[in-house]
Structure formats: C-alpha cells, structure tokens
There are 2 protein chains.
Amino acid sequence: MAKRETSGVETPYHHGALREALLAATEALLDEAGLEKFTLRECARRAGVSHGAPAHHFGDARGLLTAFAAQSFEQLGARTSDYMARAEKRPYERLVANGLAYLDHALGNPHRFRLMFRSDRLDHTDPALGRAAIAVYDQFESCMRAVLGAAGRPDADLGPCTALAWSLVHGMATLMLDNGMFACRVGDHEAARAMFLDLMRRSRPLFEG
Amino acid sequence: MAKRETSGVETPYHHGALREALLAATEALLDEAGLEKFTLRECARRAGVSHGAPAHHFGDARGLLTAFAAQSFEQLGARTSDYMARAEKRPYERLVANGLAYLDHALGNPHRFRLMFRSDRLDHTDPALGRAAIAVYDQFESCMRAVLGAAGRPDADLGPCTALAWSLVHGMATLMLDNGMFACRVGDHEAARAMFLDLMRRSRPLFEG
DNA sequence: AGTTAAACTAGACACTGTCAAGTCATCGTC
DNA sequence: GACGATGACTTGACAGTGTCTAGTTTAACT
C-alpha cells in the first residue's frame, strides 16, 4: 500500500491541508532566496508531497503565485486598515497612515511585495486577486476623497491627486527595494519612514491647497 | 572540417561580432516575450551559435542581462540629455524634461526598463552597469541642484527633493507598466505624459517654494 | 613555421515545468 | 455494507533549461 513518507514517518496519502502548506512553503522559499530561485518542485518537496500534487490545487506555478499574491494584498489591506484606525482622525493624517502602511508592507516583506507587481507572473483574471487588489485601491481612493472633500477641492482633482500620492509611495517602496543608489542615500527602514513622513508633510499643500 | 551553418550557408567558426549579436538577440527576445520567457539557449540560437558560445563573452545569463541593462542606462542617459537640451533653459523646465525622458524611456521600452530594476537578475558589481547608472543619477542630481540653487533653497533640501522627484517619476513609470488599475485610470502613453506634466506643474512649489 | 590563446562546438548532467497514467482514499448513493 | 464516482495524490516521461567540461578550429603572436 503506497503511503507518503516524510522523515521515515508514514503520512497519509491525503494531505488534508495541502493548499495552505504550499502557500506556507511559498513564503518560506521566497523569503530565503527570492522569486527568481522559486520552483514549484522545491515548493512541493517542502510541503512533503510529490511534484504533481500542487497541480490539483493551483493548476501551475502561476496559479500558486497568484494565490500567494492575493494573500499579500489582503495582508496589505489589513495593515492599511490598522494604521488608519490608529491614526489621528483628520483626513490627511489617515492618508499618511495609509501610505506608511504601504511602505512598511513593502520594506517588511520585500519578496511578497515584488511579486504583487509582477504582471508577467500573475493571473490577473483571478477573482480573488482582483478583489484583494481592488479593496486596497478603494480604501486608498476613499481616503483621498475625504482629504479633498475636507479641503473643498473639485472632483477633477481626484485623478491627479491619487496618481501623485500612489506614485510617490510606490516609487519610494520600489526604489528602496531595488535601487542601491536610492536606498543608500535614504538609509534603513526607519530612515525611509522618516523620509516618507517628511515628503508627505512637504506635499500637504498639493492636496489641501 | 567543422563549420557553423545557418540556413545552409557556411559561416566561419569565429563569429567576429558575437557579443553585439547576442545583445541584439536579447533585445528581440525581450520585446517579443518579456524577461520571464528569456533563455540563454534561445538567445544563442537567434545569434546562430551553440549554447556554450555566450559563456566566453558574458559568463552566464546574468552577465548578458547585466551588459544589456548597462546599455539601457546609457540609452536613458542619452534621452535625458537630449530632452534637457531641447527644453526651455530654466532649471525647473529642465528637471521636468529629465523626468519626461525617464517616463518615455520606460513606456517606450517596457522590458528594457523592467530589467534595469531587477536587482535579482543583475550583477551590481559590474563596472559598466555602475558607471551608466551613476551617470544618469548624477545628471538628475545636478539638475535638481540647479533648481534648488536658483530658488535659494538650503543644501539640506537636496535629499528630500531628489527622493520626491525620483519616487514620483519612477512610481508612475512602474505603475503604468505593471498595475492595470493605475494604467487604466491614466490611459495611454500620451495621457501618462500629460498626467506627469500636470503633476510636475502642481508640485513646482515644493521645489521652488 | 610553431606556439599559444581565443572562440567556438558538442555532450553530459541535474534540474525544471507540464502532462498523462495509475493508485489510493473519500464521498455519495443504493 | 457494497459499489461507483470523484478527489487527491504518486510516478514516470518528455522537452527544455543552465552550467560545466572536453575537444576542435581559428586568430594572434613570436
């Protein structure tokens, strides 16, 4: 009778929680060596199953990474909600908190964050990924609406102002992670936070006029 | 006598310009299918040589992609010089031109641009890559110094102002390329240019106070 | 002309992703 | 409880990859 064996201990043929185990293995492998070294076979080995097993849950590597990216957007959304809830109640302070959560998410989980924007490795038709990403965006846009509303700014300013704020924080996050010249001029994670807060302070008049 | 053959025509054993042929094949393959589908073997096939030949010139795939990225930074530098030379002579107009060149480079050559920031696939100890990247940065920083100098701003503003401007343009470029929600709200390349010019107009007081 | 080094070719090896056939366990129905 | 269907795996095959090594050919140098 064929039974899976890991470390000499028989394990049941049906894993029972293989989907979660594969996602956990994905996180461990990304943290260890980054996306470029990630392989589905190694992921299956870490989860203690054969190389064909993941196909039942995710289809292929793209499906697994897409599910992992959806989780990452959910974690980002949880973090932005948390930071905004703990910020001062004025709209601009909540916008700053939203951005700081984004920056902390990126700098705290660099490989997760990088994957989230790998349009070539993700399945953008995946409903869970779409929902999670849209939820994060909607929260950010609502936050910006509150800022502009409180300042009496016209609706036409929403597009440029969201583009400005998102570009600023996303640019800062990606340059901190992937550009040595930028990162060494800013410093460590704490220095990046301080720089971001400073830039948002300087930029305040652009949103509140 | 062993001779390489391409399309039934004998070619000499020594290619003569294999380095350039491999870089050209790299560009073609990246433009066709992106970095994820790029393989060194296919690149060698396109250049008409065996799979071992690139090793003599580049060592491995990382070496080839690093040389290609160095070329990309050189092209970016040429474009920023060109745009700045053709801009109005006032410092802020030259800064805007510098950023617009950056944005046009990214949106016009998405796969090249993406590779330039793939810290996991490039050799950052490579002198040619370092020189090319530093040259682009130095030009941008000189430009920013001129803006701040003309406005009578203190030296301490250089760090935050370069971080702000670079984050804004880099964030916009990367979100246009890899985030569908951002890109569909902005529109096409021309709309992105217009948006960027608008954001730089709005941001002007942060640099010239 | 002879020697050395550069510039390749060709093959081997281990690993990968994907697919298909087969096996085992669970679930639903009778 | 038996049976069939389906889910959840294992196993193997295949084509492709990157890297390394041995060997061959040509260019450069003396």
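In what follows, every chain begins at residue 1, and chains take the letters A, B, ... in the order their sequences are listed. Only a predicted model underlies this, so the values are computations on that prediction, with no experimental measurement involved.
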Engineer: What integer distance in Å separates B/His15:NE2 from D/dT24:P?
Structural biologist: 23 Å

Engineer: Rounded to whole angstrom units, what separation is found between the CD atom of B/Glu36 and the C1' atom of C/dT16?
Structural biologist: 13 Å

Engineer: Establish, yes or no, whether a centroid distance under 6.0 Å links the rings of B/Phe182 and A/His170.
Structural biologist: no

Engineer: Is the cationic atom of A/Arg86 (NZ for Lys, CZ for Arg) positioned less than 6.0 Å from the six-membered ring centroid of A/Tyr83 and within 45 degrees of its normal?
Structural biologist: yes

Engineer: Suppose we call a contact any N or O donor and acceptor under 3.5 Å apart; does that hold for the side chain of B/His51 and the base of D/dG16?
Structural biologist: no

Engineer: Kindly state whether the ring of A/Phe113 and the ring of A/Tyr102 have centres lying under 6.0 angstrom apart.
Structural biologist: yes

Engineer: Hey, is the side chain of A/Arg45 poking within less than 4.0 Å of OP1 or OP2 on C/dT16, counting only N and O atoms?
Structural biologist: yes

Engineer: What's the CD-P distance between B/Glu42 and D/dT17, to the nearest Å?
Structural biologist: 7 Å

Engineer: Under 4.0 Å between a side-chain nitrogen and a carboxylate oxygen: does that hold for B/Arg46 and B/Glu27?
Structural biologist: no

Engineer: Under 4.0 Å between a side-chain N/O of B/His57 and OP1 or OP2 of C/dC8, yes or no?
Structural biologist: yes

Engineer: With no angle test and no hydrogens, is the base of D/dG16 tied to the side chain of B/Arg41 by a donor-acceptor pair under 3.5 Å?
Structural biologist: no

Engineer: Side chain of A/His14: nearest nucleotide among C/dA25, C/dT9, D/dG18?
Structural biologist: C/dA25

Engineer: Taking any heavy-atom pair under 4.0 Å as a contact, classify A/Ala61: base, sugar-phosphate, or nothing.
Structural biologist: sugar-phosphate

Engineer: Taking only N and O in the side chain of A/Thr39, is any of them less than 4.0 Å away from OP1 or OP2 of C/dT16?
Structural biologist: yes

Engineer: For A/Phe38 and C/dC15, what is the distance between atoms CZ and P respectively, to the nearest whole Å?
Structural biologist: 17 Å

Engineer: In whole Å, I'd like the distance from the CG atom of A/Asp60 to the C1' atom of C/dT16.
Structural biologist: 14 Å

Engineer: Provide, to the nearest angstrom, the distance between the CG atom belonging to B/Leu40 and the C1' atom belonging to D/dT19.
Structural biologist: 10 Å

Engineer: Ignoring hydrogens and geometry beyond distance, is the side chain of B/Tyr13 in donor-acceptor contact with the base of D/dT24 at under 3.5 Å?
Structural biologist: yes

